Amino acid sequence: MSDTQPASSSLPALSVIVPVCDEAGAIAALLQEILDKVGAAYRVEVVVVDDGSRDGTDGIVADLAARDPRITLIRHKARSGKSAALRTGAMAATSLWMATIDGDGENDPADVVAMAAQIDATSVGRVGLVAGIRRRRTAGIRRLIASRIGNGVRRFLLRDDCPDTACGLKVLPRPLFLAFPYFDSLHRYMPALTRRYGFETVHVSVDDRPRMAGRSKYTNIGRALVGIVDLLGVVWLLRRTTVGANPVAEADRAP
């Protein structure tokens, strides 16, 4: 890690939110990749939210943060879920635009740069979300089948036009994300909410790498059971949501 932040005052700002839980074997290498790849194109701040790790992940990140001011560590005392970690990170971040990336190393930080190139990081226009779509999945066949079925049902009911909403790579305005109604698994429904709030979504093909270490926190059955309840809830929520003022414009006018 670099001891000092590179001279990058002329670069646009971008916050990268990294939710982690028991990723001690992957997090150091991933953070270095983010600083090297994203930091070359943006004035980057990396907000790592440790969601109740028990394997020393938080200690590793704390050591790295002590050496590089671009890294910030926030800890959840108990596991609260990925959506909660993303919201905690967004509330602590300072840039207009934020990127989300999983902490297990399956996402390539170079794709964050390619995705952010689709927008102007200094303003917000018609595009409210750049969503990563994994081009080559490294998951097992059962997980792939379950994912395709789940994505198909979700797209049919929500009409969100997103073939891979579970991909951890997203780029969106931070005020828009914070304007979304919060619930567990919010991160899986950002395309539908983005459309409901009057913005467009851009899809970008990204790589899906094997995990650096550790194992997935979810099972196919667990995903399916939670997904059914969440999907029905989001269908109701979208029908009951009326959007008035543009949340990004309102945030820009705030003192």
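The basis for the numbers below is simple: all heavy atoms, side chains too, and nothing from hydrogens, waters or symmetry mates. This is a predicted model, so every value here is computed, not measured. In this chain, numbering begins with 1 at the start of the sequence shown.
With a 4.5 Å cut-off on side-chain heavy atoms, Val171 and Met98 do not count as touching. Using a 4.5 Å heavy-atom cutoff, the side chains of Asp50 and Cys21 are not in contact. Between Pro175 and Leu96, some side-chain heavy-atom pair lies under the 4.5 Å cut-off. In this structure, Leu35 and Ile71 have side chains that are in contact, with non-hydrogen atoms separated by less than 4.5 Å. Contact of the Arg195 side chain with the Thr201 side chain is not registered, since no non-hydrogen atoms from C-beta on lie closer than 4.5 Å. Contact of the Val47 side chain with the Val16 side chain is not registered, since no non-hydrogen atoms from C-beta on lie closer than 4.5 Å. Residues Thr88 and Pro19 have side chains not in contact (no heavy-atom distance under 4.5 Å, counting atoms from C-beta outward). When side chains are defined from C-beta on, Val44 counts as touching Val46, because their heavy atoms get closer than 4.5 Å.
Note that the CD1 atom of Ile74 and the CE atom of Met91 stand 9.5 Å from one another [nearest 0.5 Å]. Atom-to-atom distance recorded for Ser83:OG and Leu186:CG is 4.5 Å, nearest 0.5 angstrom. Between Leu172 atom CG and Leu178 atom CG the span is 9.0 Å, to the nearest 0.5 Å. Atoms CD1 and OH, from Ile34 and Tyr42 in turn, are 14.5 Å apart once rounded to the nearest 0.5 Å. Atom OH of Tyr189 and atom OG1 of Thr194 lie 14.5 Å apart (nearest 0.5 Å). Atom NE2 of His76 and atom CG of Asp51 lie 6.0 Å apart (nearest 0.5 Å).
Residues passing the side chain to side chain donor-acceptor pair (under 3.5 Å) test with Glu200, sequence neighbours excluded: Arg126. Applying the side-chain contact (heavy atoms from CB on, under 4.5 Å) criterion to Asn107, with sequence neighbours excluded, gives Ile101, Asp102, Leu169. Considering only residues two or more places apart in sequence or on other chains, Arg54 meets the salt bridge (Lys or Arg N to Asp or Glu O under 4.0 Å) condition with none of them. Not a single salt bridge (Lys or Arg N to Asp or Glu O under 4.0 Å) links Glu45 to another residue, sequence neighbours left out.
Between Tyr197 and Phe180, the distance from one ring center to the other falls under 6.0 angstrom.
Taking each heavy atom of Arg196 and Leu238 in turn, the nearest pair found is NE-O, 3.1 Å. Here the shortest heavy-atom pairing between Pro12 and Thr122 reads CB-CG2, 4.2 Å. Listed here is the closest heavy atom pair of Ala166 and Arg188: CB-NH1, 3.2 Å. Residues Ala26 and Asp104 share a closest heavy-atom pair of CB-O, 3.7 Å. Heavy atoms only, all atoms of each residue included: Ser15 and Ser95 are closest at OG-OG, 2.9 Å. A pairwise comparison of heavy atoms in Thr57 and Ala24 identifies OG1-N, 3.0 Å as the closest pair.
Checking side-chain atoms of Asp164 against main-chain N and O of Arg134 turns up a donor-acceptor pair under 3.5 Å. Panel note: side chain Ser53, backbone Asp22; a donor-acceptor pair is recorded below 3.5 Å. In this structure, Arg209 contributes its side chain and Gly105 its backbone to a donor-acceptor pair below 3.5 Å. Without hydrogens or angle criteria, Arg135 side chain to Ser205 main chain gives a donor-acceptor distance under 3.5 Å. Side-chain atoms of Trp97 never come within 3.5 Å of backbone atoms of Ile119 as a donor-acceptor pair (strictly under, hydrogens ignored).
Between Arg75 and Asp58 there is a salt bridge, since a side-chain N of the basic residue sits under 4.0 Å from a carboxylate O of the acidic one. Looking at Lys37 and Asp108, a side-chain N of the basic residue comes within less than 4.0 Å of a carboxylate O on the acidic one, giving a salt bridge.
The salt bridge (Lys or Arg N to Asp or Glu O under 4.0 Å) analysis of residues 83-92, with sequence neighbours excluded, yields no pairs. Sorted by first then second residue, the salt bridge (Lys or Arg N to Asp or Glu O under 4.0 Å) pairs that include residues 165-184, not counting sequence neighbours, number zero.
Checking Asp230 against Ser185 by side-chain atom types alone, a donor-acceptor pair falls below 3.5 Å.
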Please report the C-alpha distance between Asp208 and Val206 in whole Å, then the side-chain angles of each, then the deciding distance to 0.1 Å, and finally whether the side chain to side chain contact (heavy atoms under 4.5 Å, CB included) criterion is met. CA-CA 7 Å; Asp208 184 41; Val206 300; over 6 Å; no

I would like to know whether Thr100 and His187 meet side chain to side chain donor-acceptor pair (under 3.5 Å); could you show each step before the answer? CA-CA 10 Å; Thr100 68; His187 61 282; over 6 Å; no

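Tracing side-chain contacts under 4.5 Å through hydrophobic residues (I, L, V, M, F, W, Y), one never reaches Ile133 starting from Met190; they form parts of separate clusters. One hydrophobic cluster, built from ILVMFWY side chains closer than 4.5 Å, holds both Phe199 and Val127.
Under the side-chain contact (heavy atoms from CB on, under 4.5 Å) rule, Leu73 has a single partner from Leu64, Asp63, Val61, which is Val61.
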